[in-house]
Amino acid sequence: MGLVTVGELKPAFTGKRGFRLNSSIRHASEWPISDVSSDLTVQVGSSSFCLHKFPLVSRSGKIRKLLADPKICNICLSNAPGGSEAFELAAKFCYGINIEINLLNIAKLRCASHYLEMTEDFSEDNLATKTEHFLKETIFPSISNSIIVLHHCETLIPVSEDLNLVNRLIIAIANNACKEQLTSGLLKLDYTFSGTNIEPETPLDWWGKSLAILNLDFFQTVVSAVKSKGLRQDVISKILISYTNKSLQGLMVRDPKLEKDRVLDVECKKKQRLIVETIVRLLPTQGRRSSVPMAFLSSLLKMVIATSSSPSSGSCRSDLERRIGLQLDQAILEDVLIPINPNGINSTMYDIDSILRIFSIFLNLDEDDDEEEQHHHRQFRDETEMIYDFDSPGSPKQSSILKVSKLMDNYLAEIAMDPNLTTSKFIALAELLPDHARIISDGLYRAVDIYLKVHPNIKDSERYRLCKTIDSQKLSQEACSHAAQNERLPVQMAVQVLYFEQIRLRNAMSSSIGPTQFLFSSNCHQFPQRSGSGAVERYLQEIIMRR
């Protein structure tokens with residue numbers, strides 16, 4: 001039995017002599033040639049192989065069954081996993097050629113050996129045994145190798161699932177990932193107790209980026225497996241972020257102006273929506289202290305809205321709104337500037353209803369989302385003390401709500417420039433926060449002033465309702481001076497501002513003593529005290545007349 005090249009084999013094809021290669025172009029392949037003419041033609045896809053029955057039936061149970069009738073000389077293996085390439089390697093193995101089993105072909109060969117029934121029942125040290133040994137020795141112990149082979153299994157469904165290869169690869173990935181996490185933790189403890197410097201640590205999610213090659217079904221199965229094994233939530237979050245960024249191919253844009261410029265066809269939108277919904281289902285359990293960055297949650301919500309076929313809110317959108325609401329104190333203005341659904345009938349620039357729900361979720365945390373935290377505090381405090389006092393200096397909730405109130409005022413100032421924003425929507429947002437949430441009302445005053453400037457033709461009644469949202473007593477002196485001369489404000493607002501400013505100045509003067517009292521009294525003519533002479537009334541009247 002000698003060896004010849006592809007060029008030497010060509011004349012033999014027409015006479016069915018020897019081994020007929022795949023119909024695709026090949027380079028430097030060599031085959032054994034027998035003096036016996038081929039007695040079997042195997043059709044695999046678009047390729048035909050002219051072979052000999054004996055070497056095949058000696059190792060393949062499937063072919064042995066198909067050739068139970070000696071008269072059969074043509075068989076078709078249209079469902080052979082791995083196609084003609086995998087069958088060609090399996091056929092070479094049957095002819096006794098030492099084929100190379102490697103990372104790229106192991107999945108095909110394992111599935112082909114299963115499909116062709118190349119087990120020990122028909123021949124010792126058969127292909128199934130060879131491939132299983134390679135999997136156990138080279139693939140399963142390595143996370144990266146397991147991911148690559150799992151990726152190749154995607155085109156080998158359902159055989160790769162029937163022989164349990166997919167499940168074993170996923171379990172191997174999960175087990176190895178959690179072993180690395182445990183080893184890393186033990187090393188940290190060892191360095192801590194020994195007092196030595198901690199060596200540079202390999203990130204626990206180093207393999208997470210490799211998961212981007214997997215399709216969505218395999219990816220979510222892997223993530224579910226590592227979650228069930230106890231992989232840290234911050235690692236899972238990084239893996240999800242990496243996969244989302246790569247799978248959406250840069251379409252997760254946070255700039256609403258750029259988002260509007262993107263024209264996505266229906267199929268592309270469906271695919272994006274499916275990816276986002278899957279990622280949201282895989283997100284770690286949400287709490288006030290979440291490992292999922294706010295910017296990522298906001299981007300997901302924007303993508304859900306942009307790819308939604310209807311403006312109605314689904315479970316995915318509701319989940320994201322809840323997650324954002326739970327950690328709203330970590331948000332910046334860009335995170336809450338959520339564009340309106342392009343399919344909706346609303347002509348505003350931003351989704352006001354979504355923001356109303358998000359802020360409401362944050363404000364209702366005591367009722368809905370702090371049960372676990374309250375349970376922890378019950379071990380140390382009386383149950384009647386569980387609800388935080390937002391007015392209590394230095395309390396965590398006070399700090400959070402002050403951040404959120406500033407965020408709200410900045411948001412109002414931004415959306416106030418939308419010419420299509422109705423007064424009722426603006427007022428609903430402005431009145432959403434409780435009174436104690438704003439220590440100073442300058443931010444809200446600025447937003448109202450911008451709205452009045454952009455909407456000069458609103459009714460006087462709406463103008464008055466809008467200004468009632470501002471607590472004049474919480475305006476700074478600079479804001480009061482601006483409001484007193486602001487012709488866009490109703491007269492009642494100007495009078496109220498000046499009145500409270502007069503009271504504040506009088507209280508400051510009455511509480512001052514010594515030189516400070518003298519300092520204040522030198523400027524008393526600017527804001528005269530209320531007296532029977534009607535000085536204050538005359539001063540306010542002068543201001544009103546000037547306006």
Side-chain angles (χ1 to χ4, degrees), residues 79-83 86 103-112 114-115 135 139-140 142-178 205 207-231 233 235-252 264-285 292 296 299-300 303-304 307-309 314-317 319-320:
N79 297 324
L103 186 62
L104 301 181
N105 66 22
I106 178 61
K108 292 180 180 180
L109 287 176
R110 182 64 191 93
C111 291
H114 176 77
Y115 175 80
L135 286 169
I139 305 303
F140 293 145
S142 168
I143 298 178
S144 56
N145 287 351
S146 297
I147 292 174
I148 293 173
V149 175
L150 182 61
H151 171 56
H152 287 292
C153 286
E154 294 172 357
T155 58
L156 300 170
I157 301 295
V159 178
S160 59
E161 290 182 331
D162 293 342
L163 60 85
N164 205 31
L165 177 58
V166 170
N167 187 52
R168 286 189 294 162
L169 288 167
I170 291 172
I171 292 175
I173 294 170
N175 287 339
N176 290 327
C178 293
D205 64 322
W207 52 273
K209 294 181 179 179
S210 302
L211 294 176
I213 66 175
L214 299 179
N215 65 27
L216 193 59
D217 290 337
F218 278 12
F219 173 76
Q220 66 176 329
T221 307
V222 171
V223 174
S224 298
V226 296
K227 286 175 70 174
S228 65
K229 292 289 184 178
L231 192 67
Q233 292 194 355
V235 178
I236 294 174
S237 297
K238 292 178 182 178
I239 291 173
L240 293 176
I241 293 172
S242 176
Y243 185 85
T244 305
N245 287 332
K246 290 186 178 181
S247 59
L248 293 178
Q249 299 178 347
L251 293 175
M252 217 172 61
L264 305 174
D265 60 25
V266 176
E267 290 302 319
C268 185
K269 283 188 176 182
K270 287 181 179 179
K271 182 179 179 181
Q272 292 175 26
R273 179 64 181 255
L274 180 61
I275 292 172
V276 173
E277 289 178 346
T278 302
I279 295 298
V280 172
R281 287 196 299 269
L282 294 173
L283 288 174
T285 303
V292 186
F296 181 59
S299 297
L300 290 176
M303 184 62 71
V304 167
T307 58
S308 177
S309 58
S315 59
C316 178
R317 178 171 178 172
D319 188 12
L320 285 170

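For Lys229, the side chain to side chain donor-acceptor pair (under 3.5 Å) criterion is met by Asn175, not counting sequence neighbours. In this structure Arg168 satisfies the salt bridge (Lys or Arg N to Asp or Glu O under 4.0 Å) test together with Glu132, sequence neighbours excluded. Under the ring pair (Phe, Tyr, Trp, His ring centres under 6.0 Å) criterion, Phe219 pairs with Tyr243, sequence neighbours left out.
Within the 4.5 Å cutoff, no side-chain heavy atoms of Ser160 are placed close to those of Leu169.
Checking side-chain atoms of Ser242 against main-chain N and O of Ile239 turns up no donor-acceptor pair under 3.5 Å. Distance alone, capped at 3.5 Å, places no donor-acceptor pair between the Thr307 side chain and the Gln272 backbone. The closest donor-acceptor contact from the side chain of Ser142 to the backbone of Ile139 lies at 3.5 Å or more, if one exists at all. Between the side chain of Asn215 and the main chain of Phe218, a donor-acceptor pair closer than 3.5 Å is present. Of the possible donor and acceptor atoms, one in the side chain of Arg273 sits under 3.5 Å from a partner among the backbone N and O of Val304. Side chain of Asn245 to main chain of Ile241: a donor-acceptor pair is present (N/O by atom type, distance under 3.5 Å, no hydrogens or angles). The closest donor-acceptor contact from the side chain of Asp162 to the backbone of Tyr115 lies at 3.5 Å or more, if one exists at all.
Note that CD1 of Ile148 and SG of Cys153 are 12.0 Å apart. Values are rounded to the nearest 0.5 Å.
For NZ of Lys227, the number of neighbouring non-hydrogen atoms (other residues, nucleotides, ligands) closer than 6.0 Å is greater than 12.
Paired with Thr278 under the rule side-chain contact (heavy atoms from CB on, under 4.5 Å), one option of Ile275, Val280, Leu282, Val276 passes, and it is Leu282. For the side-chain contact (heavy atoms from CB on, under 4.5 Å) test with Ile213, the passing option among Lys246, His151, His152, Glu154 is His151; the others fail.
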